[in-house]
There are 2 protein chains.
Amino acid sequence: MANTPKKVTIKDIARIAEVSPTTVSLVLNNKKGVGKETRYRILRVASELKYTPNLMARSLAKSHSDIIALTILQARNALFMEIADGAAEAFNENGYSIMMASTYDDPDLETKELASARARGVDGFLITSAQVESPGIWELVEDGVPLVSVLRRVPGLSNLNYIMEDSFKGGYLAAEHLIKLGHKRIGIVKGTPNTTTGIGRFEGAVAAMKDNRVPVDDKLIAPGEFARGAAYLATLAMLHLPDKERPTAIYACNDDMAMGVYEATLDTGLRVPEDMALVGFNNAPYTSLPTVALTTIDVQAHEMGRLGAERLIDIINKKRGHTKPLQVIMEPKLIVRNSCGARKEDEPAS
Amino acid sequence: MANTPKKVTIKDIARIAEVSPTTVSLVLNNKKGVGKETRYRILRVASELKYTPNLMARSLAKSHSDIIALTILQARNALFMEIADGAAEAFNENGYSIMMASTYDDPDLETKELASARARGVDGFLITSAQVESPGIWELVEDGVPLVSVLRRVPGLSNLNYIMEDSFKGGYLAAEHLIKLGHKRIGIVKGTPNTTTGIGRFEGAVAAMKDNRVPVDDKLIAPGEFARGAAYLATLAMLHLPDKERPTAIYACNDDMAMGVYEATLDTGLRVPEDMALVGFNNAPYTSLPTVALTTIDVQAHEMGRLGAERLIDIINKKRGHTKPLQVIMEPKLIVRNSCGARKEDEPAS
DNA sequence: CCGTTTTAGTAAAACGGTTTAGTAGACCGC
DNA sequence: GCGGTCTACTAAACCGTTTTACTAAAACGG
């Protein structure tokens with residue numbers, strides 16, 4: 001542990017205050033059954049010795065740790081950090097420490113991190129990076145471990161607590177927006193296929209296109225893996241198609257990829273929005289910058305994290321996990337800025 | 001803890017395999033002194049029972065936890081997350097779990113979080129959000145707790161391990177760049193004054209101005225608290241000065257504030273870079289976007305985090321903390337983009 | 001074949017707390 | 001003056017591991 005100077009324990013206090021360790025524990029936990037006299041004496045000794053309890057030992061004895069596990073995709077990803085920020089607020093306010101684990105959207109790594117956090121004795125899990133195939137989450141849920149999934153869902157796990165975006169509707173809105181602006185050839189850069197967001201954001205757009213009889217062309221659908229670099233390359237390929245097949249608009253399943261599309265477009269000598277309309281997804285902070293002004297979808301990531309954390313704490317405290325699971329679907333909102341050439345509507349103050 | 005199903009312990013294994021708990025522990029930790037026969041039997045029973053060790057109990061017994069505390073300013077802040085990301089890489093590779101704590105640049109909160117993490121039994125601290133007045137850090141260092149400060153320094157703590165940016169030089173380069181472009185009236189939006197980065201980035205710029213006999217005007221120096229909103233307001237105030245006093249260039253002590261300056265400039269009807277040159281600090285990911293193209297300073301945040309974490313692990317493992325402390329100063333680099341109207345030099349590939 | 005070392009194994013203490021099950025004495029009603 | 005309830009306090013068990021100290025038997029050397 002992090003304490004080179006010999007750590008003062010409850011026994012030291014007991015010895016000096018001439019009482020039993022039990023009594024000291026009683027006092028330190030504000031329980032009754034100790035006289036005023038002794039109580040003060042113990043408190044005084046404790047403060048003189050600068051006693052701080054060993055939370056690890058306490059956790060072992062009490063069988064709960066006041067630590068939660070927070071899994072994210074990666075710390076560098078703005079969306080997940082926005083969520084984590086909201087969650088951290090709530091956890092801090094309620095005295096929880098946060099154990100952070102990155103999964104990098106790798107199912108095996110997710111399983112591993114989940115197991116490790118559990119062995120560490122965390123009280124519950126807030127999972128923002130859930131995979132579609134997720135044995136680790138299945139096991140936790142089966143064992144009744146307090147768990148809330150934020151942003152994503154795990155298909156098939158009907159009793160999962162989650163707070164997520166409406167990916168499908170978001171995707172639908174995005175594509176519909178482009179269609180209404182008159183675009184017939186719409187390219188789509190997809191996210192990772194092993195996540196509900198990756199799937200939903202894509203399928204929603206396809207649905208909008210089908211509903212409006214806009215052709216869905218395989219050549220205009222590219223994998224982007226939620227990564228800017230991949231989106232850049234995918235876009236370059238699309239833009240090198242023959243004139244007639246080239247897209248006049250592109251929908252990227254997240255903002256990072258939209259930036260990749262943006263770059264590729266410019267590098268090809270085209271302008272946004274004049275030659276190419278562009279829609280992203282997430283409303284990442286930087287997209288609201290006046291010079292970027294990316295049309296996008298707001299899913300209230302910060303608020304989602306917060307709600308998820310509050311709920312998790314709730315479940316841990318009252319163990320009312322046996323009542324029906326909470327399943328909130330946040331309303332996605334299209335934020336229209338400049339990247340599509342549409343009129344600028346309500347730009348929220350930053 | 002997170003285990004509603006009765007947890008299988010080392011004693012269960014011992015009972016079923018008909019050996020003592022000691023022997024089981026020996027086997028599970030790959031220590032010698034156990035026959036092949038029994039070793040296999042124990043291993044088989046353990047795997048049949050799906051045994052996973054209780055890491056909390058192990059930590060208590062072994063007096064170390066394989067957990068490190070990582071303090072950040074706030075999860076929402078791109079710079080700190082960039083650092084955290086690098087650190088997480090190294091920690092993961094070495095089997096450490098991360099306990100994350102946000103300080104919000106509040107000294108009291110920092111003290112509290114540090115104490116809490118310590119009570120939790122973390123093996124060491126990676127601190128990215130160090131305050132200038134930092135009793136909590138002083139105490140840790142005095143007690144010989146493994147600790148590395150990244151990005152910032154704690155003045156007065158000469159034996160502190162740190163990996164930081166050269167804030168002063170960075171600020172100097174930023175201001176010098178503006179001066180070379182011919183600017184005489186340079187505004188500065190400062191960061192928080194209780195951090196070494198906030199101080200250094202400012203003082204470096206002032207030094208450059210003095211060295212070049214450019215007037216340092218109090219009216220053109222505004223507090224920004226490292227926050228975009230504050231920078232926005234501060235800039236508005238500057239831009240409403242009489243024509244002769246108004247700045248022709250502004251240096252913001254981080255990129256977020258630069259964005260605030262950007263907005264305020266545009267909202268005042270001025271253009272960047274034609275009417276206003278702008279320099280930021282951090283090389284945040286979004287600043288490299290073609291449409292933002294903000295001239296800034298790169299401090300290799302990701303790499304700093306990584307180095308800091310590696311060093312921390314090193315110290316924990318070999319306890320060679322008594323040798324001279326590691327004190328690395330990363331070379332800051334000016335990344336010239338478009339926001340100052342200077343020629344575009346080496347734009348690194350994203 | 002005897003003393004010494006090695007091997008395989010164990011019982012008990014430790015880590016630093018909490019919790020359970022008491023005990024001894026004061027107080028109370030009747 | 002006797003049973004019953006409170007109050008103040010404690011000894012011992014417990015949480016799930018690791019570690020120390022020890023033993024019995026086997027192997028070894030000469």
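Letters go in sequence order (proteins before strands), and every chain restarts at 1.
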Distance check needed: [N] [atom2] versus [X] [atom1], whole Å only.
X        : N      : atom1 : atom2 : value
A:Arg41  : D:dA8  : CZ    : P     : 13 Å
A:Lys32  : D:dT10 : NZ    : C1'   : 19 Å
B:Asp12  : D:dT17 : CG    : P     : 9 Å
A:Arg120 : D:dT17 : CZ    : P     : 14 Å

Task: Test item: A:Val154 and A:Val132 side chains (from C-beta on) under 4.5 Å apart, heavy atoms - done: no
TODO: Find the bend of the helix from C:dC1-D:dG30 to C:dC30-D:dG1 as the angle between its two terminal axes (five pairs each), to the nearest 10°.
DONE: 40°
Task: Candidate list B:Asp105, B:Asp106, B:Thr195, B:Thr103, test side-chain hydrogen bond (donor to acceptor under 3.5 Å, both in side chains), partner B:Ser129, passing option - done: B:Thr103
- [ ] Tell me what A:Gly35 touches on the nucleic acid: a base, only sugar-phosphate, or nothing, going by heavy atoms under 4.0 Å.
- [x] sugar-phosphate
Distance-only, no hydrogens or angles: does the [X] side chain make a donor-acceptor pair with backbone N or O of [Y] under 3.5 Å?
X        : Y       : answer
B:Arg120 : A:Ser65 : yes
B:Ser59  : B:Leu55 : yes
A:Asn92  : A:Glu89 : no

Anything under 3.5 Å between a donor and an acceptor, one on a side chain of residues 31-45 of chain B, the other on a protein residue two or more places apart or in another chain? List them.
from: B:Thr38; atom 1: OG1; to: B:Gly35; atom 2: O; distance (Å): 3.2
from: B:Arg39; atom 1: NH2; to: B:Lys31; atom 2: O; distance (Å): 2.7
from: B:Arg41; atom 1: NH1; to: B:Ala17; atom 2: O; distance (Å): 2.3

Task: Minimum-distance pair of heavy atoms, taken over all atoms of A:Asp66 and A:Asp123 - done: N-OD2, 2.7 Å
Task: Contact state string [nucleotides 11-23 of chain C, B base, S sugar-phosphate only, - no protein heavy atom under 4.0 Å] - done: BB--BBBBBB---
TODO: Considering only NZ, NE, NH1 and NH2 on the basic side and carboxylate oxygens on the acidic side, decide whether B:Asp143 and B:Arg118 come within less than 4.0 Å.
DONE: yes
